[in-house]
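Before any comments, here is the structure.
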Amino acid sequence: MTRESTTRPGVKRGTIPVFATATAITVSNIYFTQPLLDEIARGFHTSASAAGLVATTGQIGYALGIIAIVPLADGARLRRLANVLLVITTLALLAGAAAPSVALLSIATLILSATTVLPQVIMPTVVSMATPGNVGRVLGAVGTGLTMGALLSRTAAGLITEAAGTWRAGYAVAAVVTGALLLVLPRFMPGDAPAPVAAQRSYFRLLASLPKLVTEHAPLRLSAALGATVFAAFSAFWSSLAFHLTAAPISLGPAVIGLFGLFSVPGALAARYSGRLADRWGMQRVNALSLGSVLLAFAMFGFAGQSLVALAVGCNLLGYGTTSGQIANQARIFAAGSAKKASLNTVYIFAVFAGGAVGSAVASEMFTAYGWDGVVATGMGFVLLAGVALVWHAISSGRAPVDGATDAADASDEAGSADVAVTTGTVWQDRRAGRAAPGPGGALPARTATAGSWFAAPMSADALVREPATRRDQAG
């Protein structure tokens, strides 16, 4: 790929690889603690549930960052914002490395997770840099970095801890790597603010309007319920796996525990094709497939929880089910006939990570009280809640749970809207007009869902109209 074929004139050579690397590094700060929880519990001579607060606060912090910090990207100078976020994250990681108690470590993790939301700032930025016809291509490259960072951070943290003999080394190395981005990333970020005055006036109004979206948009309610419960099950597993694998009779070290992140890569990457399945089958069918995959994973965890092979296979089923469900959930939101795509996505991502925080907290308590069986029961309970939400939606809307998902697009067309959703490189367009219509300010919300990457970004109508025909599918 040459720079000329993917990015606009004036964009520095190497911007896309730098953004992909930065996304991988910053997102890893949320997940690298998970294989270290047993070491943290031993280091502070505390219980598994107390150490589990570290994973829980990480999810809470990221959810808060999505709500409070990401909207600033609409009006802030992105270069300055990147500098500030990287400095705070680095200092919080250093504070975590030196934390004298679980409570202070949890506070440091809360802060660093809230400020490590750079991936959600980078995604809209890279869209504005792409040439027409290459938006999906550059987002796919950056999204792959996000996926690899989320999965492989667990592997790296386990190996580092095993080599150094202390969990603190994981925080220290993360601080060094994150701090090193200060020397590179800001030089590739735009120096000017997109619309500082307008954004500053609308920031607090935007935050105040978010709760109303839940009551006004049924597709958002369904997607948020499914996303939160499935991610709660996902987080329940990963936040408890270290305790399970270090206990007898398995008795593994942190390096081997971290390898389970590597083992999970195939399942998560396979989920990138779920966008095509959503186009063909509909979102509800993909959600049903997602829930079946996650439920099967927890069944394997329950019946063969002492088998490393069964755990590895279950990790892939869990990763596939979680990621494919998120793709379907966001496809539903963006096909729902509203111009407030970015706000809808903000509420959705907040619900997902809030669910993750609940899942981590509940699983920690259940593991302390009932062991691995308690974690499995927790995961299955969240999956069953998701199933109830899907069936309830189907009954209340008068459709079977696996009906086609073009109904949302149909309703959108009936109302005369021309909304666009991009899922894994596929553009949904207004069927009658045969073209994409711009939203406020002439921008179209676009989303490319790759394994582990969930975001919304502005995309010009002109760019979409000039997309090659092979990259577009008309709804219906």
Side-chain angles (χ1 to χ4, degrees), residues 18-19 21-34 36 40 53-125 145-146 149-150 153 156-157 167-191 193-194 196 199-200 203-204 206-207 346 349-350 353-354 356-357 455:
V18 168
F19 280 5
T21 303
T23 298
I25 291 172
T26 50
V27 79
S28 69
N29 292 328
I30 309 171
Y31 299 104
F32 80 86
T33 60
Q34 291 178 346
L36 311 182
I40 292 172
L53 285 174
V54 177
T56 301
T57 53
Q59 302 287 354
I60 294 173
Y62 197 75
L64 293 176
I66 291 294
I67 289 289
I69 296 176
V70 171
L72 292 173
D74 289 335
R77 296 182 183 274
L78 298 181
R79 186 174 299 166
R80 181 182 300 172
L81 179 63
N83 276 319
V84 171
L85 293 178
L86 288 173
V87 167
I88 295 175
T89 303
T90 300
L91 293 176
L93 284 165
L94 291 173
S101 67
V102 169
L104 292 178
L105 177 61
S106 298
I107 292 173
T109 302
L110 178 73
I111 295 171
L112 73 89
S113 298
T115 56
T116 197
V117 293
L118 264 177
Q120 303 298 335
V121 175
I122 287 175
M123 294 301 184
T125 304
L146 189 147
S153 60
W167 60 267
R168 297 181 186 275
Y171 276 83
V173 171
V176 172
V177 175
T178 302
L181 285 178
L182 283 164
L183 305 177
V184 181
L185 179 62
R187 297 190 302 174
F188 291 85
M189 297 292 284
Q200 288 171 9
Y203 175 70
F204 290 105
L206 171 63
L207 295 184
T346 297
I349 294 294
F350 176 81
F353 280 89
F455 49 86

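If you're wondering where the values come from, they're calculated on a predicted model, not measured in any experiment. What you see below is based on every heavy atom in this structure, not just the backbone, and it leaves out hydrogens, waters and symmetry mates.
Annotation: the span from Ile88 atom CD1 to Ile69 atom CD1 amounts to 7.0 Å, rounded to 0.5 Å. Going from atom CZ of Phe353 over to atom CD1 of Ile60 covers 13.0 Å, rounded to the nearest 0.5 Å. Thr26 contributes atom OG1, which lies 7.5 Å from atom CG of Leu86 (distance to the nearest 0.5 angstrom). For the atom pair CG (Leu181) and CG (Asn83), the distance works out to 11.0 Å, reported to the nearest 0.5 Å.
Across all non-hydrogen atoms, the minimal contact from Leu105 to Gly96 is CD1-O, 3.5 Å. Ala97 approaches Arg168 most closely through the heavy-atom pair O-NH1, 2.8 Å. Across every non-hydrogen atom of Ser28 and Ser153, the tightest pair is CB-CB, 3.2 Å. Contact record, Ile30 with Thr33: O-OG1, 4.1 Å, taken as the closest heavy-atom pair.
Within the structure, every pair that satisfies the side chain to side chain donor-acceptor pair (under 3.5 Å) test and touches residues 85-111, not counting sequence neighbours, is listed here: Thr89-Thr115, Thr109-Tyr171.
Side-chain atoms of Ile122 and Leu78, non-hydrogen and from C-beta on, never get closer than 4.5 Å to each other. Under the 4.5 Å side-chain criterion, counting only non-hydrogen atoms from C-beta, Leu118 is not in contact with Thr23.
Residues passing the side chain to side chain donor-acceptor pair (under 3.5 Å) test with Gln34, sequence neighbours excluded: Arg154.
When Ile25, Ile111, Asn29 are each tested for a side-chain contact (heavy atoms from CB on, under 4.5 Å) with Thr116, only one passes: Asn29.
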- Determine, step by step, whether Thr57 and Ile107 satisfy the side-chain contact (heavy atoms from CB on, under 4.5 Å) criterion, reporting the C-alpha distance in whole Å, the side-chain angles of both residues, the deciding distance to 0.1 Å, and the verdict. CA-CA 7 Å; Thr57 53; Ile107 292 173; over 6 Å; no

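In this structure, Thr178 contributes its side chain and Ala175 its backbone to no donor-acceptor pair below 3.5 Å. Of the possible donor and acceptor atoms, none in the side chain of Ser113 sits under 3.5 Å from a partner among the backbone N and O of Leu110.
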